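Here the structure comes first, spelled out in structure tokens, and everything after it is commentary.
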2 protein chains.
Amino acid sequence: MSLPNALLALLVVEPMTGYDLHKKFESSVGHVWHAPDSQIYPALKRMEANGLLEGEDIPWGPRGTKRQYHVTAAGREAFTSWMNTPLEYARTRDPAHLKAAYLEWAEPEAAREQLRAHIDHHAGLLEQWRETVKEIEDGTSTMLNRRLAHTSAADQEKTRAYKLFTYEGLMSQAEAEIAWAKRGLTLIDRLND
Amino acid sequence: MSLPNALLALLVVEPMTGYDLHKKFESSVGHVWHAPDSQIYPALKRMEANGLLEGEDIPWGPRGTKRQYHVTAAGREAFTSWMNTPLEYARTRDPAHLKAAYLEWAEPEAAREQLRAHIDHHAGLLEQWRETVKEIEDGTSTMLNRRLAHTSAADQEKTRAYKLFTYEGLMSQAEAEIAWAKRGLTLIDRLND
DNA sequence: GCTAACTACCTATCGACATAGTTAGTTGCG
DNA sequence: CGCAACTAACTATGTCGATAGGTAGTTAGC
């Protein structure tokens, strides 16, 4: 359900090829919704069949062509409708907390290692989000600047503010995970001496 | 990958039927790893075929039977091995933050409603986790008590401590989400006056 | 003794997703 | 000019997971 809308979110700004989208999914949108190209290409075809997109073959180099998709009126309507519709919350599937609940089955050192990996993972994300936030604030984010170039002056502040809001949320998540895992390390020490 | 291990986590404590497991997935383990019965029954068959479990038909009422599964040595080995192996972190797929990143496309009131729903959702979870934590601390958790009845005295404290640790982590997550969504409500007000 | 609720188990379908490939044209650089 | 890196697109396989059913026996209460 989310993948088509993530694609629409990018395509309402400017037409793109599947390859362009695949690259964006490695950077910007991919921060909140990952998708490999093997999912993107079929999704684009389905969306074209459903009338959300239209594709046209445009020349690329002397002999090659590439297929560029743009959003139809129906696609734009579907996207804004999705944006105005409340989410349905999926039930939790959280491998890290699943394992935490049965940590007495792990060797203390293995348990520590996994909590340290949890910290490292989220510390890496945190660093990434921090940089992204800085780029948005400094106006040096090429991602955001391309987006703003297609946005009316009235909406530019909103666009920027909601992006910052999103990344600040991701930072809070990462910080919470790190703090939790650190408490876990202390707990393991307390239980094994 | 996680479902078989979530099932093993329950079955290493005591043998159960698919139906028992399905009920546990509505309550205890389901808090961190949800699975519908339509996934559980085939998973049990696959695990029996792989030698992780053995099932036996036991009588149920005058005519009925039910199939109870217990963990084999191989299953126990697979579970502890999983518990000692570091997780591989999946890339993010977070519909709430995906929508937040494009919130300028939503009507302000629809955006507010969704953030309020986000708060309500996580406040509900928080309440649930708080109660669970209280039950664990008071020793009134039937889930945990059944578990502890099958646990050596030496491991009882660990089991209890890691359960508490897990639910405290879930509480931190919920609190972070609520705080974030509240900041979002303030932001929407600031952007629309 | 009937019926509702519960226990027990199972199937089918469809899209989501991971993983691992393949093919072909283009561009840049040494 | 030749090769590496990149652009572009697609396929195939297998499991995961959501959703929506179906069947049959059991228990409890009126």
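Below, each value reflects all heavy atoms present in this structure, side chains not excepted, and no hydrogens, waters or symmetry copies. The chains referred to below are lettered A, B, ... by the order of the sequence lines, with proteins before strands, and numbering in each begins at 1. Computed from a predicted model, the values in this text were never measured in an experiment.
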For the residue pair B:Y89 and A:Q114, what are the closest heavy atoms and their distance?
OH-O, 4.3 Å
Considering all heavy atoms of both residues, which atom of A:T72 and which atom of A:G51 are nearest to each other, and what is their separation?
OG1-O, 2.6 Å
Measure from [atom1] on [X] to [atom2] on [N] and round the result to the nearest Å.
X: B:N50; N: D:dT15; atom1: CG; atom2: P; value: 10 Å
X: A:K66; N: C:dT26; atom1: NZ; atom2: P; value: 12 Å
X: A:W60; N: C:dT26; atom1: CH2; atom2: C1'; value: 5 Å
X: B:R91; N: C:dA16; atom1: CZ; atom2: P; value: 19 Å
X: A:K24; N: D:dT7; atom1: NZ; atom2: P; value: 13 Å
X: B:I58; N: D:dT26; atom1: CD1; atom2: P; value: 14 Å
X: B:R67; N: C:dT7; atom1: CZ; atom2: C1'; value: 17 Å
X: B:Y19; N: D:dT27; atom1: OH; atom2: C1'; value: 12 Å

Toward the 5' end of DNA chain C, by each residue's nearest nucleotide, A:T65 or A:S2:
A:S2
Taking for each residue the nucleotide of DNA chain C with the nearest heavy atom, is it B:Y69 or B:A90 whose nucleotide lies nearer the 5' end?
B:Y69
Is A:K99 positioned over the aromatic face of B:W82, cation under 6.0 angstrom from the ring centre and no more than 45 degrees off axis?
yes
Does the Lys NZ or Arg CZ of B:K163 fall within the cation-pi geometry relative to A:Y102 - under 6.0 Å from the ring centre and within 45° of the axis?
yes
CD/B:E14: more than 12 non-hydrogen atoms of other groups inside 6.0 Å:
yes
Within residues 37-48 of chain B, which residues have any heavy atom lying less than 4.0 Å from an atom of DNA chain C?
B:D37, B:S38, B:Y41, B:K45
Looking at every strand, decide which applies to A:D20 at a 4.0 Å heavy-atom threshold: base, sugar-phosphate, or nothing.
sugar-phosphate
Given DNA chain D, 5'-ward residue of the pair B:P4 and A:E88, judged by closest heavy atom:
B:P4
Suppose the criterion is salt bridge (Lys or Arg N to Asp or Glu O under 4.0 Å): which pairs have a residue in residues 165-176 of chain B, not counting sequence neighbours?
none
Can a side chain N or O of B:R93 be found less than 4.0 Å away from OP1 or OP2 on C:dC17?
yes
For the residue pair B:S28 / B:R146, report whether a side-chain donor-acceptor contact shorter than 3.5 Å exists.
no
